[in-house]
Each structure stands twice: as C-alpha cells, then as structure tokens.
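These notes are about the structure you will find just below.
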Amino acid sequence: MAAKDTVTSVHTPPTPVAVATGARRGSASAKHPTKKSDSRTRKLSRKALLAINVVSVAAGLALWAALAATGMVGLPGPLEVLVRGGEVLADGTLAEDTGASLARVLSGFLIGSLLAVPVGFLMGWYQVGRAIIEPWVQFFRTIPPLALLPLVMVTMGIGETPKIFVIFLAAFLSCVISTYQGVVSVDNTLINAARVLGANSYVIFMRVVVPASSPFILVGMRIGLGAGWATVVAAELLAAPNGLGMRMQQAQQFYDMPTILVNVIVIGILGLVMDRLLLMIEAHLTRWQERR
C-alpha cells in the first residue's frame, strides 16, 4: 500500500494552486528583471538604428577626407571621387561595367545557391548521400575558386562561361556546407515529436527540417554572395571585355586612383544592397525565430 501511495504521489499532476503560485512567481520575476538582462534585451528603434548608421557613414567619410588631406596615403578625397563617378556615369562606362559584373554575379550566385540547397539537404538527411558527396565537397572547399580559373579558362575558353563557373563554385561551396549543417543541427526532439504525432518522413522533412534549416541556408547564401563578388573582380582581371574588375585593372595601369575607388565603392554598395535584400527574405521566412 505504501508503494502504491508513493507511485501515486510521483505521478500526481500539480494542483491549480501550485500552478498559480508558479505563475505569480514567474510574473513577479518578469516585472523586476535585473539591470544586466534588461540592457541585453532592450532593442533600439528603427529610427535610432538609422541615425546610428548615418553617423557611422558620416564619420567614415570624414576620416577618409582627413586622410586624403594629409597626403600621406595617396588617396584622393571624397569630392574628387564623386566628380570622377559623375563623369563615368555620364559617359555610360559605369553603367555598362556595373551591368556586366552584376549579371555575372547573379548568374553564378543563383545557380550555385539553387543547386547547393538540395545537395545540402541530401547530405544532411541521408547518410549514404553524405558518404558519397561530402568528400568531394570538402576537397573542393579547400581549393580557392580562383586557383581553378586558369584551368577553367583553358577548358572553357575566355568567354562568360568560365567567369560564371568560378562564381558558381564559390557560392555553391559556401551554401552547401551551411545547408548541410542546418539539417544535421535540427533538434531530434522535434523530429521524434512529429513521429509520435503520426507524421511520415516527407511531412517531417517539409514541416520540421526545412523551416529549422532556413536560417542556416540564408547565412550560407550571404557568405556565398560575398564570395561571388570577390571572385568576379578577380575573374574579370583576365580577358574580360567589360566589368568593374576589368576597369579597375585598366585604371591601375595609369595610376588612376579616383576611377579605382569609384568601382570599389560601387561593388561595396551593390554587395550591401543585395545583402540587405537577403536579410529581408530571412526575416520573412524566419518570423517564428526569436531575435535579439
């Protein structure tokens, strides 16, 4: 009889009084958070963040102007670069080069990302697929895509194909590893709970694994985007009829620093805008995720 009473006492659910007491304690602790936790969880408004961004950019431009005024580093000032940018924009050179580089980056990046996502899912979900694909991914991941550029140009020619291929390779390798890591990092508790509720493998994959992996996928795409821009500049240094990288090489031969900086700034602006677009997509797809 004592054993029965013991089992009953173990499995007896908490009384409403205990639940209410715990709720009151939790609410009381929530009303009086510590200063340290409050400082960590406090969020700035969008206007405050925008103001900080503006101040940061203004401070960077002021530092650039100060360094150019000293003449120690040989940099042209912001005004000189702005004038040069207006000139190349007026004669159509900047628009042509920007369009060519942007088309190459978008082509390689989109192809690489679209292929990396299913390959990463295959590696993370199926052990056989991981055993087949992972050695090749790890092998090529240690080789810089630019190191393959001479070989690619010999085999594919000097047209657009080799340039897009090396950008594709850079984006693919960055995104596939991130996708794979996202799949293997899914909490097994979520998968087991879905199975207990009667979900089959397809439902578990689509409703549990894919949403849980989406933050990893988008981080990999952001890294791949940066790798794509870095690769296109180097790829355009070799046998490119146009592009921001090609124009920078020409300007370097004549020591035309304003033109070099104009193209560098354009690449930075394009990369920043594209990264912000990916952040907006990430915020939309991961609305369920708690953010700081």
Who passes ring-ring contact (aromatic ring centres under 6.0 Å, His included) against Phe165, sequence neighbours left out?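 By the ring-ring contact (aromatic ring centres under 6.0 Å, His included) rule, Phe165 matches Phe168.
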Result block: side-chain N/O donor-acceptor pairs under 3.5 angstrom for residues 196-212, not counting sequence neighbours:
unit_1: Asn200; atom_1: OD1; unit_2: Tyr202; atom_2: N; d: 3.3
unit_1: Asn200; atom_1: OD1; unit_2: Val203; atom_2: N; d: 2.8

Quick one: side chain to side chain donor-acceptor pair (under 3.5 Å) partners of Thr155, sequence neighbours excluded?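 Thr155 satisfies side chain to side chain donor-acceptor pair (under 3.5 Å) with no residue once adjacent residues are dropped.
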Show me the donor-acceptor pairs within less than 3.5 Å that the side chains of residues 261-268 make with the rest of the protein, sequence neighbours left out.
unit_1: Asn263; atom_1: ND2; unit_2: Thr259; atom_2: O; d: 2.7

If you look only at pairs with a residue in residues 184-202, which of them pass as a salt bridge (Lys or Arg N to Asp or Glu O under 4.0 Å), with sequence neighbours excluded?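 Sorted result for residues 184-202: empty, none.
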Output every pair passing salt bridge (Lys or Arg N to Asp or Glu O under 4.0 Å) with a member in residues 48-69, not counting sequence neighbours, ordered by first then second residue.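 Listed once each, the pairs would be none.
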Contact list for residues 55-66, test side chain to side chain donor-acceptor pair (under 3.5 Å), sequence neighbours left out: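 Counting only pairs at least two positions apart or across chains, no side chain to side chain donor-acceptor pair (under 3.5 Å) contact touches residues 55-66.
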[X]: what forms a salt bridge (charged side-chain N to carboxylate O under 4.0 Å, His left out) with it, not counting sequence neighbours?
| X | value |
| --- | --- |
| Glu160 | Arg104 |
| Arg222 | Asp275 |
| Glu134 | none |

N/O donor to acceptor pairs below 3.5 angstrom from side-chain atoms of residues 244-252, sequence neighbours left out:
unit_1: Arg247; atom_1: NE; unit_2: Asp97; atom_2: OD2; d: 2.6
unit_1: Arg247; atom_1: NH1; unit_2: Gln250; atom_2: OE1; d: 3.1
unit_1: Arg247; atom_1: NH2; unit_2: Asp97; atom_2: OD1; d: 3.1
unit_1: Arg247; atom_1: NH2; unit_2: Asp97; atom_2: OD2; d: 3.4
unit_1: Gln249; atom_1: NE2; unit_2: Leu237; atom_2: O; d: 3.4

Side-chain donor-acceptor pairs of residues 105-114 under 3.5 Å, sequence neighbours excluded:
unit_1: Ser107; atom_1: OG; unit_2: Ala103; atom_2: O; d: 2.7
unit_1: Ser113; atom_1: OG; unit_2: Phe109; atom_2: O; d: 2.9

